[in-house]
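Chain letters run A, B, ... following the sequence lines, proteins first, then strands; residues in each count from 1.
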There are 4 protein chains.
Amino acid sequence: MYFTSDNAVGAAPEILDAIVAANDGSLPSYGADPMMAQVESRVAEIFETECRVFLVSTGTAANALALASLSPPWGAVFCHRHAHIEVDECGAPEFFGGGLKLALLHGQDAKIAPDALRAAIADTGAGGVHQVQPAALSLTNVTEAGALYRADEVAALSEIARDANCAVHLDGTRFANALVASNASPADMSWRAGVDVLCLGATKNGALAAEAVIFFDPERQADRIAQFEYRRKRGGHLVSKGRMLSAQMAAYLKDDLWLKLARHSNDAAARLAAGLRRIDGVRIENSVEANMLFVHLPLSVHRALQAGDARYYLEPPSQSDEGNGESVRVRFVTSFSTSDESIDAFLSIAATA
Amino acid sequence: MYFTSDNAVGAAPEILDAIVAANDGSLPSYGADPMMAQVESRVAEIFETECRVFLVSTGTAANALALASLSPPWGAVFCHRHAHIEVDECGAPEFFGGGLKLALLHGQDAKIAPDALRAAIADTGAGGVHQVQPAALSLTNVTEAGALYRADEVAALSEIARDANCAVHLDGTRFANALVASNASPADMSWRAGVDVLCLGATKNGALAAEAVIFFDPERQADRIAQFEYRRKRGGHLVSKGRMLSAQMAAYLKDDLWLKLARHSNDAAARLAAGLRRIDGVRIENSVEANMLFVHLPLSVHRALQAGDARYYLEPPSQSDEGNGESVRVRFVTSFSTSDESIDAFLSIAATA
Amino acid sequence: MYFTSDNAVGAAPEILDAIVAANDGSLPSYGADPMMAQVESRVAEIFETECRVFLVSTGTAANALALASLSPPWGAVFCHRHAHIEVDECGAPEFFGGGLKLALLHGQDAKIAPDALRAAIADTGAGGVHQVQPAALSLTNVTEAGALYRADEVAALSEIARDANCAVHLDGTRFANALVASNASPADMSWRAGVDVLCLGATKNGALAAEAVIFFDPERQADRIAQFEYRRKRGGHLVSKGRMLSAQMAAYLKDDLWLKLARHSNDAAARLAAGLRRIDGVRIENSVEANMLFVHLPLSVHRALQAGDARYYLEPPSQSDEGNGESVRVRFVTSFSTSDESIDAFLSIAATA
Amino acid sequence: MYFTSDNAVGAAPEILDAIVAANDGSLPSYGADPMMAQVESRVAEIFETECRVFLVSTGTAANALALASLSPPWGAVFCHRHAHIEVDECGAPEFFGGGLKLALLHGQDAKIAPDALRAAIADTGAGGVHQVQPAALSLTNVTEAGALYRADEVAALSEIARDANCAVHLDGTRFANALVASNASPADMSWRAGVDVLCLGATKNGALAAEAVIFFDPERQADRIAQFEYRRKRGGHLVSKGRMLSAQMAAYLKDDLWLKLARHSNDAAARLAAGLRRIDGVRIENSVEANMLFVHLPLSVHRALQAGDARYYLEPPSQSDEGNGESVRVRFVTSFSTSDESIDAFLSIAATA
């Protein structure tokens, strides 16, 4: 009954097997192994376009390295105030980006509204050299509040960004969950909607530690790509035994495993949501399109679950363990490996609290 | 009729004379000249306490170097969203601070309210190593909206900061204007109210280019002070012919020249405000306690003034030169050298528009 | 016949098994898993002292993060001019260290001589604030030239460093090889010889991607340790599924596997050296105490080996593939998995060239 | 008898007068004043080519900002190991350059020899992404050892740099002294010899605090120039009352004042050298082409001079005040204001020691 995060479990069996299978023999190191080439072609196939792909072992590294190649140190990166890059990366974008600035936007469900973006861009950099300049837009899909951007929503925001000469970054930690939930194609949800760089997560969706940074339209982005390679090395993120990452990513993308895993995860969230809705006093705040639930639990339910060793986070973490005295707001995240049994056991405790 | 900023004029005669007087002879360089020692004792006398003083030539340098010595790269510096360090320094705090984060607060008149600060601190760093940690509070007095913090207001905010182990920085670009307007003592408005480091502006109030960074309680802040010296040098802000800065600052503080200049400036603003209030359709937004006015001008008045070669800024600069079609919002800043004649000439154009 | 580097092979079977074994079930993420606690106690046991241990996935990250916690941005880190941190990390120490400076020392076999260190320290920082200040000594054992520091040599250098208030960092990418070659205890080769922080490599000696950063005397180094945790997160090096790293490191240190693997590697180098010495015109430059050989190969031998698909690097890489026209200087590195068969096949080609 | 440095005196009278003359009236701030435009045309006239000019108040700022716009963070800047940027700026180039690396070259008289440069470039970056990449060459003329590069020597080094895609930076703290000593034209000693960016010093040669950063061929360098402006602001080096800098620089360049001042300074050095050569036991190490002397003084002479209140630096500063027991090595620097009287008084003490 672990619903803290989709990183509390290990790897999916297919991915673990791939790590084992890749272990034998000598191979060129630092990403020059043949599996890495396969990953790159597979990504091109999936996204229906040419692209350059780099692998790193954490999402924070993927995001921060990507942003550093999209924005100068005097750039503003527009993002939602609840974005992972703002809230959960301890300033990694500022560190890798030489002191760039995240310009924070408000908006329901951790989604950025077109008008808010337009206004923020207009407010930024008008004072010339005295101010940081609009440089990039960073979206997250699935958002940190568990919501989806549809392809046309991404496209609308990208267009506003593009008009202001801003690059577009997509934090796709849960991109597979977004695809499954929206039934859109990878291309439609990324470059066709104006995304320049996608950080495609695998770790939370079945890998052990592997994230892909995908640059679309590599000819246009040649400079950024060249920069990225030096930044990755200098950031300590060029793994020597590159097979460790490429084996995971190859398996992740093979036969659409990534989508299968995300589907399982989304389905588990739906099952959990359905069960919770039947429990008195429980209120689910979001619409549960992907694998995250934000829920107000009566204190009695919360205590019963904790006594029953269920694990999940208070959201925000700064609230008291008593919440407002009557209920606590919590976050549940399901994963590719969440079992029906664990959900049912959880619901059974909650129902009898 | 220059009301763009208090930096559009040169130096006060006393300060210019001091630069000239200090020019002769050979002196130790890099701040080891005897005038620098005088500055340090004079600051101690004025502030009624021991302190360490460093001079630099711009306010941006003063603020950014000070903040970098108060916050680690993974620190959050709480400030108003209209603070100069956020809006007008092109990311200097992030640059000098190794990628630190400014945590922005809202609040009337560019003032931070105690509750807003408390809430922001509670929201910051609770997630442990995943998040930047509360490190410093940065106040500006006079605020960027021309308002004052009283000494007890500063003290109340400092206490909240101190309880969260945050240092307190005061951007005192217009500190002299604040003192004159509030009739408070320098000590009461700074260290007695919990301020650790004061960036005492002189440039906008009569110097040519000189700002003092004052560390109170130097024994307690010995580490920060040691850091500061290296940061200043490495930031290119240790002027070799140190007399250039020390002569200005010595003259600025001698015989309370700084307060005399600020009084002139505040009085000029009051005269300008009084005149504007008599003009139909003009609306002054702030209470004009110091030397800044935020004013809604009817378009006709705006055009007449521009035709008459009056200079001032639209605020925000991103608005159209037509404002909302009926009026524009503008900022007027008076200085130590604003003459009654220029004010009256200005008002006369405005009144007949 | 892969002698390019000890990172051209996968993981040792015991370590791969451990990754697989650790995969099941839900665990706290971000290093809070029980295996991580085991790693920490096992390190304490091996090193016979209390310590704090952090895992990251690359050696560059380990070194750069460690140095950043030992030196301020205005610090000088003394190292050999052939040190990995200078030559092979694309400026990672400067990046993580906020622009610190590596002060390069010459010396035979990539070893630093006490006199050279003394002189370099004396030359550094004497000009006060105008200069970077002595901050840390960084040693590598086994050195980049395949040589050993004995424990008393490390101690002598550390003492010089300590007298100048410099911290001592040991790049232990091949620390196990050094221990086996010198028959010294881990404690004698590290903290008892004055080392503050050891970057203990595992990747090149049998892990897939795992390095330990070990802080000795954690009470004294509490500030550095606190810093390290934020720096690691903000550097994108806090792996979410921490078991990936802790499982490897636990297996690596269990039952002295690390020493067994290093012994194999050193023995393979000795076998290769013995064979090469019997071949006309081949000259081995170093004394081959660990697992690296620097060898002058007659061009004919070099060509035969390349035709036979043997892999190794020219050293330095900038030399022509024809070397000086008669011979090339090359580097061979053996690993925990180098087989006698591959050595013998290699020697047989070389002998008949 | 101040021979410590050319920064121990104030400003030349013409420059001080210019500061005073520029003080009246309101002017656009931040470099938009009319004197700044004059400076830019005057520089173009003097250098016989189009250029962009930026003013800052210290040489460290000029150099570090210039280098940061010429090299990426993963770049190597080749310079002499005695270069001011390496020895006397406390790591400013690394700080502004985001952690770039200074690659140090040896060479007589602080001059870089073509072969040394060629070798260093060949050794740098050949390992690809693992290594910092050749980015810029930084020369100093007059060198830190008081020697000159002739125009053809600069051109030869620049050509080597250019062939490796390196930009060329010239630290011209004493550029005027170099011109006067070599009788070459400003153009021949800079852009015609391949220099991209010249940091033209004024502070040490008669200004109070003013340095010009000159970008030649502005069309080709448009990106660097755009960067420079943001870097300057964000570095706290955009002075608000820009007249302070532009007035100095305008006066400095008017009617070839800069050359006149440098000629005085060089002549004073020649007079000092001539006198010293007549004193028993004194050995002048360098050829005294500009305004610096490196001299071995018998201890008795050194003591007599110190007793007579003469001021100069031991070089290196780390040596004992007793030197080697028989003599000390010292540095004398003359300035635009060194009087014949002070030289003669000095020599008279030295001669009778």
Side-chain angles (χ1 to χ4, degrees), chain B residues 1-13 16-17 19-20 22-30 56-65 88-92 94-96 203-204 207-209 229-245 311 335 337 342, chain D residues 1-2 4-13 15-17 19-20 22-30 56-65 88-92 94-96 203-204 207-209 229-245 311 335 337 342:
Chain B
M1 295 184 298
Y2 240 88
F3 299 104
T4 53
S5 176
D6 22 22
N7 60 33
V9 291
L16 194 64
D17 290 350
I19 293 175
V20 173
N23 197 61
D24 281 344
S26 292
L27 288 178
S29 40
Y30 297 114
V56 294
S57 47
T58 72
T60 295
N63 284 332
L65 286 166
D88 276 309
E89 302 189 351
C90 196
E94 288 91 342
F95 171 52
F96 282 91
T203 308
K204 286 185 169 157
L208 205 43
E229 297 210 57
Y230 290 108
R231 290 189 190 280
R232 179 174 61 160
K233 169 64 195 179
R234 162 183 189 77
H237 287 291
L238 180 57
V239 167
S240 60
K241 297 183 176 178
R243 67 179 84 187
M244 198 271 288
L245 298 174
R311 305 282 179 85
S335 84
S337 71
S342 73
Chain D
M1 296 184 296
Y2 241 87
T4 53
S5 175
D6 23 20
N7 59 35
V9 291
I15 292 175
L16 194 63
D17 289 350
I19 293 175
V20 173
N23 197 62
D24 281 344
S26 292
L27 289 178
S29 41
Y30 298 114
V56 295
S57 47
T58 72
T60 295
N63 285 331
L65 287 165
D88 278 308
E89 303 188 351
C90 197
E94 288 92 340
F95 170 52
F96 282 91
T203 309
K204 286 186 170 157
L208 206 44
E229 297 208 57
Y230 290 108
R231 290 188 190 279
R232 180 174 59 160
K233 170 63 195 182
R234 167 180 185 76
H237 287 292
L238 181 57
V239 166
S240 60
K241 298 182 174 177
R243 67 179 84 186
M244 197 271 288
L245 297 174
R311 304 282 178 86
S335 84
S337 72
S342 72

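Interface summary for chain D: among B:A61, B:G235, B:A209, the most heavy-atom pairs under 4.5 angstrom belong to B:G235. Top candidate by heavy-atom pairs under 4.5 Å with chain D, chosen from B:K204, B:E94, B:R243, B:M244, is B:R243. With respect to chain B, the highest number of heavy-atom pairs below 4.5 Å among D:A11, D:G25, D:S240 belongs to D:A11. Interface summary for chain B: among D:S26, D:S337, D:P13, D:A92, the most heavy-atom pairs under 4.5 angstrom belong to D:S26. Contact tally against chain D (heavy-atom pairs below 4.5 Å) for B:D17, B:T203, B:T60, B:L27: the top residue is B:L27.
Not one N or O on the side chain of D:K241 forms a donor-acceptor pair closer than 3.5 Å with the backbone of B:L208.
Ring geometry for D:F95 against B:F95 counts as parallel: the plane angle stays under 30°, on a 0 to 90° scale with 60° as the upper cut.
With a 4.5 angstrom heavy-atom cutoff, D:L65 does not touch chain B via any of its atoms. Heavy atoms of B:A64 lying under 4.5 Å from chain D are absent altogether. For chain B, no part of D:T4 is nearby; none of its heavy atoms comes within less than 4.5 Å. For B:A207, the part lying under 4.5 angstrom from a heavy atom of chain D is the backbone only.
In this structure, CG in D:L245 is found 7.5 Å from OG in B:S57, a value given to the nearest 0.5 Å.
Taking B:Y230 as the reference, C:W74 meet the ring pair (Phe, Tyr, Trp, His ring centres under 6.0 Å) condition, with sequence neighbours excluded. For B:S29, the side-chain hydrogen bond (donor to acceptor under 3.5 Å, both in side chains) test picks out D:N7, with sequence neighbours left out.
Between B:K233 and D:C90 the shortest heavy-atom distance is CG-CB, 3.5 Å. Taking all atoms of both residues into account, the shortest heavy-atom contact from D:L16 to B:I19 is CD1-CG2, 4.2 Å.
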